[in-house]
Amino acid sequence: MTDKELHKLGRRDLLQLLVQQGKEALKVKQQLEETQEQLHQLEETYERLRKRLDQKDEQIHQLKDELEAERKKREIKLESAGSIAEAALKLNGFFGAAPIEAAPIEPAKAPPRTVIPMETVLPETEIRRTEALLQETETAPSPAAPRKGAGRSNSAKVVARMARARRAGR
């Protein structure tokens, strides 16, 4: 509205116009307050997100540092493994240069056992006399009646076996 039109309006119309403008001002003021409240909420959300992003960035930085440290450890292990492998190869080369034609060491062998027949050790008469004594011993009753062959020595047992084997062979 222009100034001329305002001058032509009456008092009542001017008051209505003022009331109407007052209402519009209140609406605009409420909208401004709502917009400011939304702006404040957005700023708070922005700050929270920014803090979280900063924390995430810090975590990423720490993880990168840990990853780099782990890489260095593995590189050191690989280098040392390479050094160990090289040392082993050098040692193999050193021992490989040793004379290969050396005779292998064989374990000691026991001498072969020889069985000597009884006839060569004892004369025929001694063998017959021993057999007769054994027969007498076996047939003679004893007061305690020990088992057959219980009181004999090992050599007597061997002689008795040989005599039986000899009798069986005749």
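Remember, predicted model here, so these are calculated numbers, not experimental data.
The distance from atom CD of Glu44 to atom CG of Leu39, rounded to the nearest 0.5 Å, is 10.5 Å. The CD atom of Gln31 lies 10.5 Å from the CD atom of Glu24; values are rounded to the nearest 0.5 Å. The CG atom of Leu14 sits 10.0 Å away from the NE2 atom of His7 when rounded to the nearest 0.5 Å. Atom CG of Leu49 sits about 10.5 Å away from atom CG of Leu42, to the nearest 0.5 Å. Residue Asp13 holds its CG atom at 11.5 Å from CG of Leu18, rounded to the nearest 0.5 Å. Atoms CD and CD, on Glu66 and Gln62 in that order, are 7.0 Å from each other to the nearest 0.5 Å.
Between Glu47 and Arg50 a salt bridge is recorded (basic side-chain N to carboxylate O distance below 4.0 Å). By the 4.0 Å N-to-carboxylate-O rule, Lys72 lies too far from Glu75 to be salt-bridged with it.
By the 4.5 Å heavy-atom criterion applied to side chains, Gln59 and Gln55 are not counted as neighbours. Counting heavy atoms from C-beta outward, Leu67 and Leu63 have side chains that stay 4.5 Å or more apart.
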Does the pair Gln36 and His40 meet the rule for a side chain to side chain donor-acceptor pair (under 3.5 Å), with working shown? CA-CA 6 Å; Gln36 284 178 342; His40 181 69; over 6 Å; no
